[in-house]
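Everything on this sheet refers to the single structure shown next.
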Amino acid sequence: METYKPGEKAPDSGELVEVGPRGGKVEGGRRTVIERGERIPPSSEEGNQFKYKRGSKTTH
């Protein structure tokens with residue numbers, strides 16, 4: 001699944017969950033609901049990224 005860096009524009013609306021640098025689960029990581037075109041928020045640790053929670057991604 002594709003990951004997104006903090007500061008990038010979200011390609012779709014949905015719920016994002018924080019993942020580690022290699023895509024693994026982050027204990028206590030951030031979760032956020034975002035609209036298409038908004039900037040992805042900062043992560044809790046340097047190098048972490050975000051991915052869409054399965055089934056939450058929408059295109060409107």
Side-chain angles (χ1 to χ4, degrees):
M1 185 170 270
E2 193 169 354
T3 59
Y4 304 94
K5 294 180 181 178
E8 290 182 346
K9 285 188 177 182
D12 296 302
S13 299
E15 184 178 357
L16 293 172
V17 293
E18 187 173 356
V19 294
R22 299 186 319 187
K25 185 176 180 179
V26 173
E27 194 67 37
R30 294 185 71 179
R31 290 176 171 254
T32 187
V33 175
I34 197 163
E35 296 290 324
R36 181 176 22 178
E38 290 181 347
R39 297 260 179 215
I40 295 174
S43 59
S44 63
E45 284 190 33
E46 184 77 28
N48 287 353
Q49 299 181 7
F50 289 88
K51 69 177 180 179
Y52 284 97
K53 182 178 175 185
R54 183 177 290 177
S56 76
K57 192 173 176 180
T58 62
T59 57
H60 50 60

Exercise for the section: For residues 5-33, pull every pair meeting ring pair (Phe, Tyr, Trp, His ring centres under 6.0 Å), keeping only residues two or more places apart or in separate chains. Expected result: none
Handout entry: Minimal non-hydrogen separation, Pro42 against Pro6, with atom names
Key = CA-CB, 3.9 Å
Exercise for the section: Answer yes or no: is there a side-chain heavy-atom contact under 4.5 Å between Pro21 and Asn48? Expected result: yes
Problem - side-chain contact (heavy atoms from CB on, under 4.5 Å) between Lys9 and Arg39, worked out - result: CA-CA 4 Å; Lys9 285 188 177 182; Arg39 297 260 179 215; 3.6 Å; yes
Problem - Closest contact, heavy atoms only, Ile40 versus Lys5 - result: CB-O, 3.8 Å
Practice task
Scan residues 9-48 for pairs that pass ring pair (Phe, Tyr, Trp, His ring centres under 6.0 Å), counting only residues two or more places apart or in two chains.
Solution key: none
Handout entry: Selection residues 4-24 - residue pairs positive for ring pair (Phe, Tyr, Trp, His ring centres under 6.0 Å), sequence neighbours left out
Key = Tyr4-Tyr52
Exercise for the section: Using atom types as modelled and distance alone, determine if a side-chain donor or acceptor of Arg36 lies under 3.5 Å from a backbone N or O of Ser13. Expected result: no
Exercise for the section: Check which hydrophobic residues are tied to Val19 through side-chain heavy-atom contacts below 4.5 Å, counting indirect links as well, and list them. Expected result: none
Handout entry: Pairs flagged by ring pair (Phe, Tyr, Trp, His ring centres under 6.0 Å) wherever residues 22-50 is involved - sequence neighbours left out
Key = none
Fill in the blank from the handout: Taken in chain and number order and not counting sequence neighbours, the residues that satisfy side-chain hydrogen bond (donor to acceptor under 3.5 Å, both in side chains) with Gln49 are Thr3
Practice task
Scan for salt bridge (charged side-chain N to carboxylate O under 4.0 Å, His left out) pairs involving residues 20-33, sequence neighbours excluded, and state none if there are none.
Solution key: Glu15-Arg31
Practice task
Without swapping roles, check the side chain of Glu18 against the backbone of Val26 for a donor-acceptor pair under 3.5 Å.
Solution key: no
Problem - Partner set under side-chain hydrogen bond (donor to acceptor under 3.5 Å, both in side chains) for Thr32, not counting sequence neighbours - result: none
